[in-house]
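Have a look at the structure below, then the notes.
Throughout, a chain's letter reflects where its sequence line sits, starting with A, and its residues are numbered from 1. It should be emphasised that the depicted structure is a prediction, and the values quoted were computed from it without experimental measurement.
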2 protein chains.
Amino acid sequence: MPTPLDPDMFDPVCPSTLMPLRFADKWAGMVIRCLEQGPRRFSELRVPLRSVSAQSLTTSLRHLRRDGIVVRTERPGPERHVEYALTPLGQSMLPVIEALCAWSADHWDELLDAREASAGQVRT
Amino acid sequence: MPTPLDPDMFDPVCPSTLMPLRFADKWAGMVIRCLEQGPRRFSELRVPLRSVSAQSLTTSLRHLRRDGIVVRTERPGPERHVEYALTPLGQSMLPVIEALCAWSADHWDELLDAREASAGQVRT
DNA sequence: CTGTATCCTCCAAGATACTG
DNA sequence: CAGTATCTTGGAGGATACAG
């Protein structure tokens, strides 16, 4: 028998309440993974994230910059060169993101099977 | 210097591509945490999730059921009694959710500080 | 190359009221 | 108690075209 739930378990000022916000961004996790090994250029990021539009990538990067997870650096030179890299805060997210991806890789089939099995049983 | 990014790093059929989907649900993570210690009733879940509307909670629970993360059990008896519990698949998510919450607890202040510091520097 | 400017569609999520 | 029904709003995210 579980104990009663703490009403303040998810107090509005508790960080865990806000936890999902950063992951509501569809591309945020993938962008962070792309920066794992070092700085990348805008066009480099678009390679693995093939289905992202320039506009969506721009938005994601802006949100990540605003939250101190990514830094943008404009390198001087004849042709334009902009780099994005993880901040220390961003790097601290890597283990969490990896865990998330590992879970997906390990259990995604189960989830899809369950979804198929429940077709018609559970309303959409 | 990082090596070039693998174009198939996030292949459309790769689970990690779909990873963020489950966390796009604002309440999913919190519901799962509420079920950590055992089955809970609908009204019990509404206690810690004070700001959730009945309708949103219903929707979240339906999605979680559809994906095989939560099961719904209707207990017979004179008065109505419905319980929600984690499936084994749902339980396998717990460590990941905990990691997410721990990260938030540890770094949320940094994120908020960065957000404030970048006010005006980065467009919203 | 690195974005911006528009426009559009879809859906998450809240408010409110109601039901067996 | 455990939801459903309806309506509304906001914002995410894609398409397309254009700019410095």
Side-chain angles (χ1 to χ4, degrees), chain A residues 4-5 10 12 17-31 34-35 39-67 70-85 121-124, chain B residues 4-5 10 12 17-31 34-35 39-67 70-85 121-124:
Chain A
L5 290 172
F10 300 113
T17 307
L18 306 167
M19 173 268 282
L21 294 184
R22 195 88 311 280
F23 293 94
D25 184 320
K26 179 174 179 180
W27 302 101
M30 285 181 267
V31 168
C34 288
L35 299 176
R40 302 286 182 181
R41 306 178 62 173
F42 190 85
S43 48
E44 280 185 284
L45 293 173
R46 298 199 66 183
V47 174
L49 307 175
R50 279 173 294 202
S51 56
V52 76
S53 63
Q55 201 263 2
S56 294
L57 183 54
T58 300
T59 305
S60 282
L61 287 170
R62 273 212 298 250
H63 288 162
L64 291 169
R65 284 205 287 148
R66 183 200 54 188
D67 288 350
V70 157
V71 276
R72 194 186 99 120
T73 311
E74 194 148 354
R75 300 208 169 284
E79 76 272 12
R80 196 143 180 229
H81 187 114
V82 178
E83 274 183 358
Y84 293 91
Q121 316 301 319
V122 178
R123 251 177 300 189
T124 319
Chain B
L5 290 171
F10 300 112
T17 307
L18 306 166
M19 173 269 280
L21 293 184
R22 194 90 309 280
F23 294 94
D25 184 322
K26 178 175 178 180
W27 301 100
M30 284 181 266
V31 168
C34 288
L35 299 175
R40 301 288 182 179
R41 306 178 64 174
F42 190 86
S43 48
E44 280 184 285
L45 293 173
R46 298 199 65 185
V47 174
L49 308 174
R50 277 174 294 202
S51 57
V52 76
S53 65
Q55 201 263 3
S56 294
L57 182 55
T58 300
T59 305
S60 281
L61 286 170
R62 273 211 299 249
H63 288 162
L64 291 169
R65 285 206 287 148
R66 183 199 55 188
D67 288 350
V70 156
V71 276
R72 192 187 101 120
T73 310
E74 194 148 355
R75 301 209 168 284
E79 76 272 11
R80 197 145 179 228
H81 188 114
V82 179
E83 273 184 358
Y84 293 91
Q121 317 302 317
V122 179
R123 252 179 297 189
T124 318

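Under a 3.5 Å cut-off, the side chain of A/Arg46 and the backbone N or O of A/Val52 do form a donor-acceptor pair.
Both B/Ala54 and A/Lys26 lie near DNA chain D, and the one whose nearest nucleotide falls closer to the 5' end is B/Ala54. Where A/Asp25 and B/Glu44 meet DNA chain D, the nucleotide closest to each residue was compared, and B/Glu44 sits on the side nearer the 5' end.
Between B/Ser43 and the phosphate of D/dC1, there is a side-chain N or O to OP1/OP2 separation shorter than 4.0 Å. Phosphate proximity of C/dT4 to A/Arg62: present, with a side-chain N or O under 4.0 Å from OP1 or OP2. Phosphate contact (OP1/OP2 of C/dC1, side-chain N/O of A/Arg41, threshold under 4.0 Å): absent. In terms of phosphate contacts, B/Arg72 brings a side-chain nitrogen or oxygen within less than 4.0 Å of OP1 or OP2 of D/dG3. Under 4.0 angstrom from either OP1 or OP2 of C/dG20 there lies no side-chain N or O belonging to B/Arg80. At least one side-chain nitrogen or oxygen of B/Ser56 sits closer than 4.0 Å to the OP1 or OP2 atom of C/dG14. The side chain of A/Tyr84 places no N or O atom within less than 4.0 Å of a non-bridging phosphate oxygen (OP1 or OP2) of C/dC1.
Taking atom CH2 of A/Trp27 as the reference point, atom C1' of D/dA12 lies 12 Å away to the nearest angstrom. We find that CZ of B/Arg46 is positioned 12 Å from C1' of C/dG14, with the value rounded to whole Å. Straight-line distance from the CG atom of B/Leu57 to the P atom of C/dG14: 11 Å, rounded to whole Å. For B/His81 and D/dA2, the NE2 to P distance is 7 Å, given to the nearest whole Å. In this structure, A/Arg75 atom CZ and C/dT2 atom P are separated by 12 Å, rounded to whole Å. Nucleotide C/dA12 holds its C1' atom 14 Å from the CE atom of B/Met30, rounded to whole Å. In this structure, the CD atom of B/Glu74 is 15 Å from the P atom of C/dG20, given to the nearest Å. Residue A/Gln55 contributes atom CD, which lies 14 Å from atom P of D/dT16 at whole-angstrom precision.
Under the 4.5 Å side-chain criterion, counting only non-hydrogen atoms from C-beta, B/Phe42 is not in contact with B/Val82.
The NZ atom of A/Lys26 sits 13.0 Å away from the OG1 atom of A/Thr59 when rounded to the nearest 0.5 Å.
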- Item | Residue pair A/Asp25, A/Leu64: steps toward the side-chain contact (heavy atoms from CB on, under 4.5 Å) verdict | CA-CA 10 Å; A/Asp25 184 320; A/Leu64 291 169; 5.7 Å; no
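For B/Phe42, taking side-chain heavy atoms from C-beta onward, the closest of the listed nucleotides C/dG3, D/dG3, C/dA15 is D/dG3.
The residue from A/Arg72, A/Arg75, A/Arg41 that alone fulfils the salt bridge (Lys or Arg N to Asp or Glu O under 4.0 Å) condition with A/Glu83 is A/Arg75.
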